[in-house]
Amino acid sequence: MATPTKDYDFTAIEPKWQAFWAENRTYRAKDFEEKPTFYVLDMFPYPSAAGLHIGHPEGYTASDALKRFKKAQGFNVLHPMGWDAFGLPTEQYAIKTGTHPAVTTKDNVASFKQQLTRLGFTYDWEREVNTTDPGYVKWTQWIFKQLFRQGLAYVDEKPVWFCPELGTVLANEEVLNTPEGPRSERGAFPVERRPIRQWVLRITEYAERLIAGLKDLDWPDSTKRLQENWIGRSEGGEIAFDVAGHDARLEVFTTRPDTLYGATYMVIAPEHPMVATITSAEQKAAVDSYIEKAKRKSDLERAELSKEKTGVWTGANAINPVNGQEIPVWVADYVLMTYGTGAIMAVPAHDERDFAFAKEFELEIIQVIDDDGSAEKDPSGMLTAAYTGPGKLINSGEHSGCDHETAKNAIIAKLAAENRGKATVNFKLRDWLFSRQRYWGEPFPIVWVSEADYAKADDSLKSLERPVSCQIDGETRFALALPDSELPLELPEVESYTPSPDGQSPLSKAGEWLCVYIDPQTGATSPAARDGWLAGARETNTMPQWAGSCWYYLRYIDPENTAALIDPDKAKYWGMPDLYIGGAEHAVLHLLYARFWHHVLYDLGVVSDPEPFKQLFHQGIILGEDGEKMSKSRGNVVNPDTIIEGYGADALRLYLMFLGPLEAMKPWNTQGIEGIARFLRKIWRLVVDENGGLHSRVGATEKLDEASERVLHVTIKKVTEDYDSLGFNTAISQMMICTNQLAKADALTRESIETVLKLVAPLAPHLAEELWQRLGHNNSIVEAGWPKYDESKLVKDRVKIIFQVNGKYRGDTELPADHSKDEAIAAAKACERVQSFIEGKTIKKEIYVPGKIVNIVAV
RNA sequence: AGGAGCGUAGCCCAACUGGCAGAGGCAUAUGGCUUAGACCCAUACAAGUAAGGGUUCAAAUCCCUUCGCUCCUACCA
């Protein structure tokens, strides 16, 4: 039944078609259909209590439109949606109100879903995933188990933010940097780094492959570069320095072994384990106080104060292995314990930081790379800044005169022969801290047992190559993984969601849940003791939110599977996402973590392609009307619901795409939506007359006038191409041109109006379906296919040729489209104005750009 | 400090990758329609591409310098 409205009444039309698509399962993705497939993936949202903001519908409109477009073109399209539903806000709400996070999650998901539906987004809800569902958690835990068994997970004491006042661990985003130092977001209390037992994933073992894999991806270059820099590969060497008077060796990493002769001092990080052993009695007080000060600085402060270098001599000297020189060993916080070996050889002549430090503390500066006169020097011939360029070695003993690149290898080779050094590769990337002291996350499928019991357990429960152990309550415990039959391990009910004051997870108070007995053969568990079973304690940390979002795109392919993560045949049928649309804020972490897991799954044979996301697109950010980032505090937030009430979902969708290029950052302008509303009303009036009947113009002719015919085919071509490249703003503009043209025509063919509807349907699906129905169809417009343009209709038989003399416009004319170069030039020369400009000059050159321009160069 | 990107009518944006700077929309103005307003229709309207220099027959587009804005990164040896 068509709605009876005479005017474009979106409030009646939109719910009707949303119900239609749902009832008819119009956009259901059927496995194994004999069609080419297209998998378009949105970054799934965290279902917050606040609901959708305008940024969500931007990317989602693009993917919804692309989905409808591809389906009309005959693809079997997979376009699913789900919920990244573990997370802090829900947990904090639980702490405040006592409401179970699962309850809050359910409510929030329901309202998000309703909002998405109101926007006309037709996800295949039969494939909905929710990272908090037990059926999903099972496989997240299963993947973790594989990582564990491959030796890619271990436990370590890692510093995390802890607030003594609040008695809780804080996430990075809950810590603010203030002039007084790091403070808690809540209450502004001082916070400190405290080492707590954590699970860590060895992502660094995949560093090399994660860089190499970027090469063939169709991603924005900036994002690829970002990941590459984040992984931060650098080649260099490790060199061992003896410490004078100690039986100790100081290992350093350097990318410039060629400058070894210029090393005039060394620096070790304040946290370096050797600080205590090599510091002399005289220097101990100064060093201790320096270390104490460094400890209290946040990472940011340490970086911020970079202009002034600080440090203290340890009282020890090291011996330069190439020339036996004794050089002082300093402690300074510009050297980071977390990179390389936590110690450096300082070459002030050729490193800016070392130079600044040497100047500050009046340390020796020896130039060992010849700058060939290119570096600035003071009157005495001393460098005024570090010289980091290339050159031949000087002051370098037997290596003097050698090119610095060859010297790198030569010096490392020499040291290697003496067992004092080797070539190495270092990464900025650090292992991934993979646990949280929180309730609302996936429990680890891990049980801790004593060393003696560990020996009794079956190998299938262990990380064989690299057993994982840690100290719990002063005893050494070993990790066993639960067997698949015990998955999912669900969260226990707890009385309080607040972490315990000692920084342990809320699960540490989960009473009976914690203690468990394990069958050493099968890993089966029991709450009660059984003969021969091992007494164990469950892991109380939970996984971070990344865990669920690392692999959700796989689960859409086979969301209900209880026997496997995904069915290999289905995975093969759908393949990996053809396009992934999401914000650039996830350029590094989410996309890197997901790639890491995917590489591991590839190694395990679960997926058949090492890279998950072939093509990536970042939608831009929509700013408030004031051009500032939307935020509650600025009061410039645009609520999608308000726009839908005033203009309808179709208008909002169209307008979001019309604001500017999808990837651009662009300000919202409420007034501008009027133009889109007019456009939609104009399309309505092309089909429906004042009385609500079919407009008499439609079908009043069998042949469109020539101008309209041409515009129509140009529009089909342009819109098709633009949709393919996500150029929605220009596609809309072209459709406006087209409807303006058709609105002027006295009579329209039925086909022409149907074509317009098909073209606009991906963006304004409700309007298109309604008018399609009013034209007498009873199926969805997406079933009607995609229009094709006729090349012959595009060519004009006459074209305008511009005449230029010396590059300046001097006239034009119309010529038949198939004119020759000579004809064009002759026409130009025949033009009076052109003649007046070339008169008395010699023609040096005649340039002809086919179909466009004639330029006569005359002097 | 380093890296990336951007700068075109009052505003949002186009310009086939070097070929007449303008397609579209907003706003504005005038007129028509209307009892009136809204809607609708018609007409009008504007920049020489941040500034300067270079390459070229030809530059918004390529190169250099400067200015402005945005985004990343944060002593990675």
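Since we're looking at a predicted model, the values are computed, not measured. Values below: all heavy atoms of this structure, side chains included; hydrogens, waters and symmetry mates excluded.
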Inset, instruction - Write down the distance separating the P atoms in rU8(B) and rC62(B), rounded off to the nearest Å. - result: 15 Å

Legend entry - rA23(B) base / Ser733(A) side chain donor-acceptor hit below 3.5 Å: yes

Inset, instruction - Look at the side chain of Lys844(A) and the base of rC57(B), then say whether one donor and one acceptor between them are separated by less than 3.5 Å. - result: no

Legend entry - Side chain of Tyr809(A) (C-beta onward), nearest among rC75(B), rC20(B), rC26(B): rC20(B)

Inset, instruction - Taking atom C1' in both rU61(B) and rG5(B), compute the distance separating them and give it to the nearest angstrom. - result: 16 Å

Legend entry - Rounded distance in Å - CZ (Phe679(A)) to C1' (rC39(B)): 18 Å

Inset, instruction - Considering only atom P, compute the distance from rC45(B) to rA23(B) and round it to an integer number of Å. - result: 13 Å

Inset, instruction - Output yes when at least one side-chain N/O atom of Arg678(A) is less than 4.0 Å from OP1 or OP2 of rC40(B), else no. - result: yes

Inset, instruction - Nearest whole angstrom, please: distance from the P of rG3(B) to the CZ of Arg225(A). - result: 12 Å

Legend entry - More than 12 heavy atoms from other groups under 6.0 Å of CD on Glu814(A): yes

Inset, instruction - For Gln804(A), answer base if it contacts any base atom (sugar-phosphate contacts may also be present), sugar-phosphate if it contacts only those atoms, and nothing otherwise; contact means non-hydrogen atoms under 4.0 Å. - result: base

Legend entry - Contact state string [nucleotides 11-18 of chain B, B base, S sugar-phosphate only, - no protein heavy atom under 4.0 Å]: -SSS-B--

Legend entry - Interatomic distance at C1', rU17(B) relative to rA21(B), whole Å: 15 Å

Legend entry - Test log, rule ring pair (Phe, Tyr, Trp, His ring centres under 6.0 Å), inputs Tyr655(A) and Tyr647(A): CA-CA 10 Å; Tyr655(A) 188 52; Tyr647(A) 295 93; 8.6 Å; no

Inset, instruction - To the nearest Å, give me how far apart CD1 (Ile856(A)) and P (rC57(B)) are. - result: 16 Å

Legend entry - Nearest-nucleotide comparison on RNA chain B, the residue closer to the 5′ end among Lys744(A) and Ile737(A): Ile737(A)

Legend entry - Whole-Å C1' distance, rC20(B) and rC67(B): 31 Å

Inset, instruction - Just compare rA4(B), rA58(B), rC75(B) and give me whichever is closest to any side-chain atom of Asp333(A). - result: rC75(B)

Inset, instruction - Provide the Watson-Crick or G-U wobble partner of rU17(B), both distances under 3.5 Å; none if there is no partner. - result: none

Legend entry - Check: Asp9(A) main-chain N/O paired with Asp7(A) side-chain donor or acceptor under 3.5 Å: no

Inset, instruction - Determine the Euclidean distance between corresponding P atoms of rA59(B) and rU49(B); express it in Å to zero decimal places. - result: 11 Å

Legend entry - Residue mapping more 5' on RNA chain B - nearest nucleotide basis, Gln734(A) or Leu429(A): Gln734(A)

Inset, instruction - Would you please confirm or rule out a distance under 4.0 Å between OP1 or OP2 of rC41(B) and any side-chain N or O of Arg685(A)? - result: no

Legend entry - Backbone N/O of Gly232(A) and side chain of Asn229(A): donor-acceptor pair under 3.5 Å: no

Inset, instruction - Both distances under 3.5 Å, Watson-Crick or G-U wobble: report the partner of rC40(B), or none. - result: rG32(B)

Legend entry - For rG2(B), the Watson-Crick or wobble counterpart (both distances under 3.5 Å): rC72(B)

Legend entry - Proximity to the side chain of Thr254(A) - top-ranked nucleotide from rA74(B), rA77(B), rC20(B): rA77(B)

Inset, instruction - Tell me whether the OP1 or OP2 atom of rC57(B) has a side-chain N or O from Arg810(A) closer than 4.0 Å. - result: no

Inset, instruction - In whole angstrom, give the distance that lies between atom CG of Leu589(A) and atom C1' of rC72(B). - result: 13 Å

Legend entry - Where the chi angle of rU17(B) falls, syn if within 90° of 0 and anti if not: syn

Legend entry - Among rC26(B), rG24(B), rC72(B), the one nearest Leu226(A) by side-chain distance: rC72(B)

Legend entry - Selected nucleotide, minimal atom distance to Asn855(A) side chain, candidates rA77(B), rG19(B), rC20(B): rG19(B)

Legend entry - Cation over ring face, Lys309(A) and Tyr334(A), 6.0 Å, 45°: yes

Legend entry - Whole-Å distance separating the NZ atom of Lys224(A) from the C1' atom of rG5(B): 18 Å

Legend entry - Lys841(A) NZ - rC57(B) C1' separation (whole Å): 13 Å

Inset, instruction - May I have the distance from Ile268(A) (atom CD1) to rC75(B) (atom P), rounded to whole angstrom? - result: 19 Å

Legend entry - rC13(B) and rA58(B), which share atom name C1', separated by this distance in whole Å: 26 Å

Inset, instruction - Flag the pair Glu235(A) and Lys408(A) as a salt bridge only when some basic side-chain nitrogen lies within less than 4.0 angstrom of an acidic carboxylate oxygen. - result: no

Legend entry - Ile802(A), nearest nucleotide to its side chain (from rG25(B), rC57(B), rC20(B)): rC20(B)

Legend entry - Separation of the C1' atoms in rA27(B) and rC11(B), to the nearest angstrom: 7 Å

Inset, instruction - Could you please name the partner base of rC62(B), counting Watson-Crick and G-U wobble pairs only when both distances are under 3.5 Å? - result: rG54(B)

Legend entry - Nearest-neighbour nucleotide for the Arg681(A) side chain, rC39(B), rA27(B), rG25(B) considered: rC39(B)

Inset, instruction - Give the ring-plane orientation class for Phe253(A) versus Tyr339(A), where under 30° counts as parallel, over 60° as perpendicular and anything between as tilted. - result: perpendicular

Inset, instruction - Determine the contact category for Ser234(A): base if any of its heavy atoms lies under 4.0 Å from a base atom, sugar-phosphate if only primed atoms, P, OP1 or OP2 are that close, otherwise nothing. - result: sugar-phosphate

Legend entry - For rC26(B), the Watson-Crick or wobble counterpart (both distances under 3.5 Å): rG10(B)

Inset, instruction - Syn or anti for rG48(B), please, going by whether the chi angle lies within 90° of 0. - result: syn

Inset, instruction - For Asp354(A) and Val347(A), indicate whether the former's side chain and the latter's backbone hold a donor-acceptor pair under 3.5 Å. - result: yes

Inset, instruction - Quick one: label Asn740(A) by what it contacts on the DNA or RNA (base, sugar-phosphate, nothing), any heavy atom closer than 4.0 Å. - result: sugar-phosphate

Inset, instruction - Would you check if the side chain of Arg810(A) reaches a backbone N or O of Phe803(A) as a donor-acceptor pair within less than 3.5 Å? - result: no

Inset, instruction - Report the distance from atom CZ of Arg420(A) to atom CD of Glu238(A), rounding to the nearest 0.5 Å. - result: 14.0 Å

Legend entry - Closest to side chain of Lys682(A), choosing from rC41(B), rC72(B), rG19(B): rC41(B)

Inset, instruction - Please report, rounded to the nearest Å, how far the P atom of rA27(B) is from the CD atom of Glu625(A). - result: 13 Å

Inset, instruction - Over 60° means perpendicular and under 30° means parallel, so classify the ring planes of His586(A) and His590(A), tilted if in between. - result: perpendicular

